[in-house]
Amino acid sequence: MKPSLRLGIEEEYLIVDQETLDLVREPVPELIEECQKECGNQVTNEYLQCQIEVGTPPCTSIAESGRELARLRKLVTAKASEFGYAIIAASTHPFSSWREQSVTQKERYQALNTDLGHGADRLLICGMHIHIEIEDPDLRIDLMKQATYFLPHMLALSCSSPFWEGYDTSMASYRLGVFDSLPRTGIPDPLQSYADYQSLVDQLVGTGCIEDATKLWWDMRPSAKFPTLEQRITDICSCLDDTLAIAALYQSLILFLYRLRSQNQQWRQYPSTLVSENRWRARRFGCTGSLIDLGISKTVPFAKLADELVVLLYDDACNLECEHDLVHIRTIVEKGSSADRQREVYTSARKAGASHDEALRAIVTLLKDNFLDFMEPDRRPLKEITEPQRCG
């Protein structure tokens, strides 16, 4: 049976002081309460008190997801401003320290902190998770096994964490380096069936390593709560248009892989070490570097690979009515990811005579501006799209 491919998107944001632009260590509890009065549990606390998470309901299209996220971004911005706060979307804050943050007072988070030790202390990071509904559990595992190849490509487009505690880390996504200090992260195991997955979970639970499947923190996993395949590798996108482009890529990719399967075909499997090498390259260079094209065993500029992805997935994006969002991938590559824009702002500010600290604050100002820098999805003009020339 063809999967519904409904999608849900979760975004994690940072709460900053409007004046100092530093993180708010302990925001007033009324912030979450006021948000939840309007949208229930679509807005929740996160691990650290300086974080806030939003999530869409199951959506049938990228356009619907965009409307939901636009509404949620506006809501949290408006409510935060009432308390002298602002909201930014970046996977790390440019200069705030993890040592100065407070863990949210929830039993689950307190237990996490106790279990993971120092690794949990440094989790001043935000991500973006995209769920695609695939009702058949075995199909979920089969498509996960194939989609893993493309995880580094999604990461490269999303990078938004180049700075950490006031320093340029030289990474486009420093977030994953922090997250990888935890157990059970990274590229998922190449499982063959849902029974294999359940057996793995049962062994981990039975040996007392984890309480349940939610503690598997792979870059992509079968959700333990919903009948979905959840990609978790991406940084949080500073601009909503970038979020929707990656969501369109992911939804179109799953449809493409499903069509292959229905024709008794599949995407070729490669050793996890090679996929992990691309993951590292995406972390390091983002969309300005190169990845290994494993089909030809050569490194290829990411810009070329991104364009090939648009060509590969274009027909499926058209069927899902998200082709304009998919083509926005080209704009991300051309203008750079959030990581690239943050570095540009820092460099420009320094050249203009700003101090190091002033230049870091200029980055936060950029992120504040980017947070609501989008067009209403239902009024967004469809970009003129020339259908890409087909390969072969």
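Please read these numbers as outputs of a predicted model, since none were measured by experiment.
Between Asp180 and Arg279, at least one side-chain nitrogen of the basic residue sits less than 4.0 Å from a carboxylate oxygen of the acidic one, meeting the salt-bridge criterion. Between Arg71 and Glu68 there is a salt bridge, since a side-chain N of the basic residue sits under 4.0 Å from a carboxylate O of the acidic one. A salt bridge does not link Glu334 with Arg330: none of the charged nitrogens is closer than 4.0 Å to a carboxylate oxygen. Taking a cutoff of 4.0 Å between a charged side-chain nitrogen and a carboxylate oxygen, Asp242 and Lys335 do not qualify as a salt bridge. Using a cutoff of 4.0 Å between basic side-chain nitrogens and carboxylate oxygens, Arg73 and Glu11 are scored as salt-bridged.
Scanning for ring pair (Phe, Tyr, Trp, His ring centres under 6.0 Å) contacts around Trp267 gives Tyr149, Phe150, with sequence neighbours left out. Annotation: side chain to side chain donor-acceptor pair (under 3.5 Å) contacts of Glu82 (sequence neighbours excluded): none. Taking Tyr250 as the reference, nothing meets the side chain to side chain donor-acceptor pair (under 3.5 Å) condition, with sequence neighbours excluded. Legend: residues meeting side chain to side chain donor-acceptor pair (under 3.5 Å) with Glu34, ordered by chain and number and at least two apart, are Lys37. Residues forming a side chain to side chain donor-acceptor pair (under 3.5 Å) with His153 (at least two apart in sequence, or on another chain): none. In this structure Pro137 satisfies the side chain to side chain contact (heavy atoms under 4.5 Å, CB included) test together with Arg140, Tyr194, sequence neighbours excluded. Every residue meeting the ring pair (Phe, Tyr, Trp, His ring centres under 6.0 Å) condition with Phe95, not counting sequence neighbours, appears here in chain and number order: His93.
Sorted by first and then second residue, the ring-ring contact (aromatic ring centres under 6.0 Å, His included) pairs with a member in residues 22-56 read Tyr47-Tyr109; sequence neighbours excluded. For residues 246-267, the salt bridge (charged side-chain N to carboxylate O under 4.0 Å, His left out) pairs, not counting sequence neighbours, are Asp142-Arg261, Arg259-Asp316. Within the structure, side chain to side chain donor-acceptor pair (under 3.5 Å) contacts touching residues 284-297 (residues at least two apart or in different chains) are Arg281-Ser290. Among residue pairs with one or both ends in residues 187-198, none qualify as salt bridge (charged side-chain N to carboxylate O under 4.0 Å, His left out); sequence neighbours excluded. A ring-ring contact (aromatic ring centres under 6.0 Å, His included) check over residues 333-366, counting only residues at least two apart or in different chains, returns the pairs Phe163-Tyr346, Tyr346-His356.
Side-chain contact check for Ser161 and Asp235: at least one donor-acceptor pair (N or O, by modelled atom type) lies under 3.5 Å. Thr214 and Asp212 share a donor-acceptor pair across their side chains, judged by distance under 3.5 Å alone. Inspection of the Glu277 and Thr273 side chains reveals no N or O donor paired with an N or O acceptor under 3.5 Å. Judged by distance alone, the side chains of Glu135 and Ser4 do bring a donor and an acceptor atom under 3.5 Å apart. Counting only N and O atoms by type, the side chains of Ser102 and Glu26 include a donor and acceptor under 3.5 Å apart.
Placement of Leu176 and Tyr167 in two distinct hydrophobic clusters is found when ILVMFWY residues are connected by side-chain heavy-atom separations under 4.5 Å, directly or transitively. Leu291 is connected to Leu274 through a chain of hydrophobic side-chain contacts under 4.5 Å among Ile, Leu, Val, Met, Phe, Trp and Tyr, so both are in one cluster.
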